[in-house]
Amino acid sequence: MATSDVAGLILPFGTVQGGVRRSLRDYGSMVRWHLAGLRMWLVLLGSVQALSGVGFVLGISLFFSRIPTSAALFVSTGVPVINLVMVGLVFGPQLVASQRTAGSYDYLRTLPISRAVTAAAWYTVCLISGIPAVIVSLVVAQLRYDLPLHISLMIVPAVLLTCLTGTMLGYALGHAVGNPMVTQLISQMLVFIIFGFAPILYPIQQMPGWLADLNWWFPFRHMAVVMRAALTSSADPAVPTAYAVIGVWAVVAAALAGWSLGRRP
Amino acid sequence: MSTAPDEWTFHVDHLVKHFGTVAANDGITLQVEPGEVYGLLGPNGAGKSTLVKQTIGLLKPTSGRITLGRWDLVENPDAARQLCSYLPQAQMPIDSFRLREAIELAGRIRGAEIGRVRRRTDELIEALELGEWSRTLGARLSGGVKRLVGFCMATISPGHLVILDEPTNDVDPLRRRLLWNEIRALGAHGCSVLLVTHNVLEAEKAVDRLALIASGRLVAEGTPSSLKEADRAQLRLQVMLVPGAETPAQPGWAGPPVRVGNNLVTTIAESDAPSGITWAAGLIDSGVAEEYALGASTLEDAYIRLTSDIPVDGLHGDE
């Protein structure tokens, strides 16, 4: 057996490593860590995501004897938002809660990886699990309704930012709330709010005025605006504001998550 | 700026950590030299894990300093995570990982080069006799094997300070011996090893020096031999009582008794050995005890003597 050079594996004397190269390598290692850690779940998660997306897309037709194209288009262009935020926003915090309960959370916090790299790796995993579901949902919608989809290049920032904000919100929730039970409760509430009280799958005009006004301050309505505009190449004047609101939420959530991860009681 | 190998001394200086009004660490000062295996012993709630968590950046001290070489670990938690490696008391999150994959990935995350990581993984798997599970998923491993995998993950690319919190929990006796060999090898390679345990008998054989911590304070420090010095010329008399039996009255020539479950332990002077045997045999004859043993005093006796004002239940158990 080859004898390893243990001394060579101890960090070079006097150096604490950093820099872009180290960060890129750490990022790759952490993505592999997450993908391996979720290997028993990732396919299932992706499948459930795709199935729920397809369920919304096909299920809406059951409300109508003959579904208007506008209704089919509205639901089909809202479903990708749900596909993109659910893993980061709901599954993410529940994963952190289970790590806290199992006691492995402390180990993960002591890994020599920067908080930004750790967050970026988790964001990548959320993208990997969400994008296939988006594609499946849109393909099924197109086949079923023959929709007037005109996907513009703005789909790239819309997908990236929507997923980022959902992931960072979940990341902040998972790490800032110390009690795993409270984390689980809040993430369940978020599902309830997104499906029932955020104008993602139905027009905001259907809501009472006060609830529509309240929704302006939260990111979900705006995610639907940018996604819909990118999928239909429409020139919605609300898009710039929507990007700004989603971006602010992403920054605030990332800052909160970073603060929570670095906090030492 | 570089730090010479012999300058990687680990210092804890007047460390205080309060949780509300409770002092979990109350002015602890200690020092671990490179290459030294240093035991932290103490009963449940003594403050051992609190000290470790402040070292690795999970908790912030109320006051005091923790340094490793020239690095202030309290001021630089990022540096602490690179310079120290840590095996927590809880199991590692490896249910979805294959055994070998978990160890190699931990090495990569610690920043080590892949060729070296693979060679060292081979070495650890062989040294701890884990080869038969090399491709087994963590979810299918026993608790003891998982513990060993955790040890490998923590030491695949060891920091200058390796912190092991109860490393032998759940591990079978044969592999415990192999594990202790690997812990000693870390010291031989120049790592300082901070070993948290309350398994006094195992620690006695494995550590170079140790600290006894009780109620957040360091109550004794030294080599196992030096801590046993006061018990020299003393014998340990251990009596296994019949379950449910009342603790018998202690003869005047015996030291303060400690009862854990049905196990009654006391110390006696060598000259009182015949009296001790007669007394213990009498307990068996009267149906109070089932058996007894008389032997040389151990570190456990020193531990009991030094921490006698605190509860001792769970002395051998897991924290």
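None of these values were measured; they are calculated from a predicted model. As a basis for the values below, the full set of heavy atoms in this structure was taken, side chains included, without hydrogen atoms, waters or symmetry mates. The chains referred to below are lettered A, B, ... by the order of the sequence lines, with proteins before strands, and numbering in each begins at 1.
Per-residue heavy-atom pair counts under 4.5 Å with chain B were compared for Ser114(A), Gly262(A), Ser98(A), Pro112(A), and the maximum is reached by Pro112(A). When the candidates Gly28(A), Ser104(A), Gly37(A), Pro265(A) are compared by the number of heavy-atom contacts under 4.5 Å with chain B, Pro265(A) comes out ahead. Between chain A and the residues Gln91(B), Arg81(B), Lys17(B), the most heavy-atom pairs under 4.5 angstrom are made by Arg81(B). Comparing Ala106(B), Ala80(B), Pro77(B), Ala90(B) by how many heavy-atom pairs each has under 4.5 Å with chain A, the most go to Pro77(B).
Residues Thr124(A) and Tyr27(A) bring a donor and an acceptor atom of their side chains to less than 3.5 Å of each other. Residues Asp13(B) and Thr67(B) bring no donor and acceptor atom of their side chains to less than 3.5 Å of each other. Side-chain atoms of Asn25(B) and Gln54(B) include a donor-acceptor pair closer than 3.5 Å.
Between Glu75(B) and Lys60(B) there is no salt bridge, since no side-chain nitrogen of the basic residue lies less than 4.0 Å from a carboxylate oxygen of the acidic one. Between Glu104(B) and Arg100(B), at least one side-chain nitrogen of the basic residue sits less than 4.0 Å from a carboxylate oxygen of the acidic one, meeting the salt-bridge criterion. Between Asp208(B) and Arg184(B) a salt bridge is recorded (basic side-chain N to carboxylate O distance below 4.0 Å).
Annotation for His18(B): atom NE2 counts as buried by contact number, over 12 foreign heavy atoms lying within 6.0 Å.
For a residue to count as touching a neighbouring chain, one of its non-hydrogen atoms must lie under 4.5 Å from one of that chain's; by this rule Val74(B) touches chain A with backbone and side chain alike. Contacts of Leu137(B) with chain A are made by side-chain atoms alone, with heavy-atom separations under 4.5 Å and no backbone atom involved. For Ala102(A), the part lying near chain B is the backbone, with the side chain staying farther off; criterion is any non-hydrogen pair under 4.5 Å. Only the side chain of Asp26(A) has a heavy atom closer than 4.5 Å to any heavy atom of chain B. Both the backbone and the side chain of Pro93(B) come within contact range of chain A, each with at least one heavy atom under 4.5 Å from a heavy atom of that chain. Interface remark: Leu59(B) contributes backbone and side-chain atoms alike to the contact with chain A (heavy atom separation under 4.5 Å).
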